[in-house]
Amino acid sequence: MTLEELEEIKVKTLPSLALRINETQVKLLIGAGDSGIHNGSRLVLQEALEEVYSLGLKNVMVSQMPEKLVGQEVVVDVVDEQGNTTTYVNVDKKGIKEIITFHIVGKKVVEKYLYKEPVEVK
Amino acid sequence: MRTRMTILLCAGTGCLSGGSNELRKEFELVLEELGIKDEISIIQSGCFGLCEKGPVVIIYPDETFYAHVKVENVRRICVEHIYKGKAVKELVFHDEATKNKANVHLHELGFYAKQERRVLRNCGVINPYDINEYIARDGYKALGLALQKKPEDIIQTILDSGLRGRGGAGFPTALKWKFCAANKADQKYIICNADEGDPGAFMDRAVLEGDPHSIIEALAIGGYAIGATQGYIYVRAEYPIAVERLEYAIKEARKMGLLGKNLFNSGFDFDVEIRLGAGAFVCGEETALIASIEGGRGMPRNKPPFPANKGLWQKPTVINNVETLANIAQIILNGPEWFKSIGTEKSPGTKVFALGGKINNTGLVEVPMGLTLRNVIFDIGGGIKNGRKFKAVQTGGPSGGCITEENLDTPIDFDNLTAIGSMMGSGGMIVMDEDNCMVDVARFYLDFTVDESCGKCTPCREGNKRLLEILNKIVDGNGTLEDLDTLEELSLMIKDSSLCALGQTAPNPVVSTLKHFRKEYEAHVVDKTCPAGVCKKLTKFFITEKCIGCDMCAKACPVGAISGGKRERHVIDQSICIKCGSCKKACPPKVQAIITK
């Protein structure tokens, strides 16, 4: 055994351990619940996991959250390092890739999927 | 399919006996049914610390902490949380710090917030059966780096860190290593003392069960520093899970070339073997431990010669405690300044305590030295059970003493605890409330040490037995005031003249309870009463006028000694009463009509 070999084992094993070591800063939460799952949240979730892994984003935690904004699924929340939440709606597999690429990596909000508070009609 | 979630099941002894293995089977079954088995990993780890709330399940990455999980709860957690993303609020553990929050995360719990987990860093995180996970947490890197340095540099690093032995006495670890390294011999040994025997202490067991490789790595580093090629782990056979995991870890380390010949191509050979102890408390003493490994009776001998000069098989030997060793790799990796960055000047680093007794959060805590006892008992331990009043805390197990309310703000370190009449010991911390009789507590500890005395020296063998006889006489209501003076006098004699630390410290609980609770002793010998209502022969149960006649006490009484009509004050027939206390427990807390005299 050498120190280099130890490092190789570490690099290989860390991804499976990463879920347990809470060093993530950005949270990517996929709305699930019955309506979310019915509208494809599980596909979006898997796509998010694949994308985060393939881009090597170590500070991003991907998880689920309870359903919200029913009728506009799949709903996705991005919670940044400061705890600010950006909510996206009607997200599909393509959409989650864009959110990860532009918002999480590029730090730019993706207007196309951004949830906008409904304007009250008087 | 990529793993998106980990279910971490505590597999420490407490949670395993609470059904952790059954939970695992149920989780596997339900995840299979839901068709999500491939995306969820299930890991069984070492002790999380919060044993009181076991079996414990943590869902990562959400860090949701489920307490007291039963097999019938598993389906709900799988469906609602793991599948649909909503934590099961009713099963999530809430404490004082988080009671108003809907979803509680592990790091927010009051129990963990003030802890600094260095020794326990891997416990509850890694799978102890997977050496790769230990390596992923920089395991064995310290050994690799140490083997690139000179042995004297390693000793200097440990010396600079100020690490003191965590087994009880607090002797500087590096000095032991230095003395042993200075001796020339064809063979030297390093031994891990895992003979944890204090009643209520389980710190070392948690490390052995949750992070066995940290001990193996530290033994190899220590072996290199002192020039030993053989290490032993002396562990009691009553720790079967720890033994199994250690055996597995040693095999894995050998398989990967981390034990054996020419480690890290340095030319250094090192291997470790396990030796099982039969559970004798005295074998925690260095020379008795050595005698036991050699196949003799576990009896201490006079020192000098110290083991560093003449130890196992008459060869220079270093013996370090489990917790001491668990710090070694971290110090090599992070440097002595990092180690000294927390703790007190004379006692740097952290200390693991096993919190037990009348405390809400029974379990294992690791805190920086210098934190006060009040912080540990009330902030981390969650205070006294059932809102009762704190009375005393016993540190140092049967060798220590009790600490009262007036000293609760003392910063914890080796010297401060000794100064207030107790000792650090290996880390047992038993909290007592107003329902504990201090005479009975002293009797309990002495009963233990009398049983565990090896019998070699007269002061310990005979003296402690006499102390116990006097205490038994007092709790039976036959004590006199002269007995209290005899207790004090005899205790001092035993402390001064016993051969080893077992005898020298055995009278400590008597001395400290006499010092702080003399009035309670006097109540036993003069008034012939036990104020706490524990000593049966001195206790009588009475029902006061507060009684509402609910009949709960009469129903609870196993011998039918209580009578009384509905909504009438009940009466206890003293001639029938066996003083079991069932009536007092059954009386509604708002009423509390039953008193002891």
Side-chain angles (χ1 to χ4, degrees), chain A residues 1-38 41-54 58-68 73-77 79 83, chain B residues 1-8 35-36 39-41 43 45 58-64 80-87 102-103 105-107 121-122 124-127 130-145 147-148 253 256-260 262-266:
Chain A
M1 183 63 75
T2 62
L3 280 169
E4 291 71 32
E5 284 169 334
L6 277 185
E7 191 60 30
E8 275 172 34
I9 295 171
K10 181 181 172 179
V11 171
K12 222 166 117 185
T13 314
L14 263 183
S16 66
L17 205 61
L19 286 171
R20 280 169 269 162
I21 308 166
N22 189 34
E23 285 166 2
T24 52
Q25 288 157 344
V26 179
K27 288 178 190 162
L28 183 60
L29 303 172
I30 317 295
D34 287 326
S35 58
I37 292 168
H38 179 72
S41 74
R42 289 181 48 74
L43 291 173
V44 173
L45 177 68
Q46 277 304 325
E47 191 65 25
L49 287 163
E50 283 300 330
E51 192 66 7
V52 166
Y53 180 77
S54 61
K58 285 179 184 157
N59 67 335
V60 180
M61 163 195 146
V62 180
S63 190
Q64 296 192 124
M65 63 177 176
E67 59 200 335
K68 65 177 189 178
E73 292 93 351
V74 174
V75 182
V76 172
D77 273 357
V79 186
Chain B
M1 195 167 278
R2 207 158 293 289
T3 306
R4 65 176 175 89
M5 230 173 207
T6 296
I7 301 168
L8 207 71
I36 53 173
E39 50 192 281
I40 314 291
S41 63
I43 305 286
S45 74
I58 298 184
I59 308 289
Y60 286 103
D62 303 2
E63 270 195 42
T64 309
E80 290 183 26
H81 187 168
I82 298 171
Y83 192 68
K84 295 185 184 176
K86 189 177 180 183
N103 193 11
H105 301 288
L106 187 61
H107 66 271
R121 65 191 282 272
N122 287 331
V125 177
I126 65 166
N127 175 359
D130 190 345
I131 192 171
N132 290 340
E133 291 201 354
Y134 178 68
I135 293 171
R137 300 276 281 166
D138 285 328
Y140 289 104
K141 188 176 174 184
L143 175 61
L145 293 173
L147 293 177
Q148 292 174 353
M256 294 185 74
L258 293 161
L259 281 178
N262 193 23
L263 303 183
F264 288 89
N265 302 319
S266 65

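The sequence lines fix the lettering, A, B, ..., with proteins before strands; numbering per chain opens at 1.
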Side chain, backbone, both or neither of [X] within contact of chain A (heavy atoms, under 4.5 Å):
| X | answer |
| --- | --- |
| I135(B) | both |
| Y83(B) | both |
| L143(B) | neither |
| Q148(B) | side chain |

> Based on non-hydrogen pairs under 4.5 Å, which of L263(B), I131(B), D138(B) is most in contact with chain A?
Replying inline: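 Of the candidates given, the most pairs with chain A belong to D138(B).
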> For I37(A), is it the side chain, the backbone, both, or neither that has a heavy atom closer than 4.5 Å to a heavy atom of chain B?
Replying inline: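 I37(A) touches chain B through side-chain heavy atoms alone.
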>> Between L45(A), L17(A), L14(A), V11(A), who has the most heavy-atom pairs with chain B when the cutoff is under 4.5 Å?
In response: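 Looking at each option in turn, the highest pair count goes to L17(A).
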>> Heavy-atom pairs under 4.5 Å with chain B: which of G36(A), P66(A), A32(A) has the most?
In response: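 Most pairs with chain B among the choices: P66(A).
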> Between R20(A) and E133(B), does a side chain to side chain contact (heavy atoms under 4.5 Å, CB included) hold up when you go through it step by step?
Replying inline: CA-CA 11 Å; R20(A) 280 169 269 162; E133(B) 291 201 354; 2.8 Å; yes
Please confirm whether the backbone N or O of [Y] pairs with a side-chain atom of [X], one donor and one acceptor, at under 3.5 Å?
| X | Y | value |
| --- | --- | --- |
| E67(A) | S35(A) | yes |
| E51(A) | A48(A) | no |
| Q64(A) | K86(B) | no |

>> Using 0.5 Å steps for rounding, measure from the CG atom of L145(B) to the CZ atom of F264(B).
In response: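 Result: 8.5 Å between the selected atoms.
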>> Applying salt bridge (charged side-chain N to carboxylate O under 4.0 Å, His left out), can you list everything that pairs with K84(B), at least two apart in sequence or on another chain?
In response: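 Expected list: D34(A).
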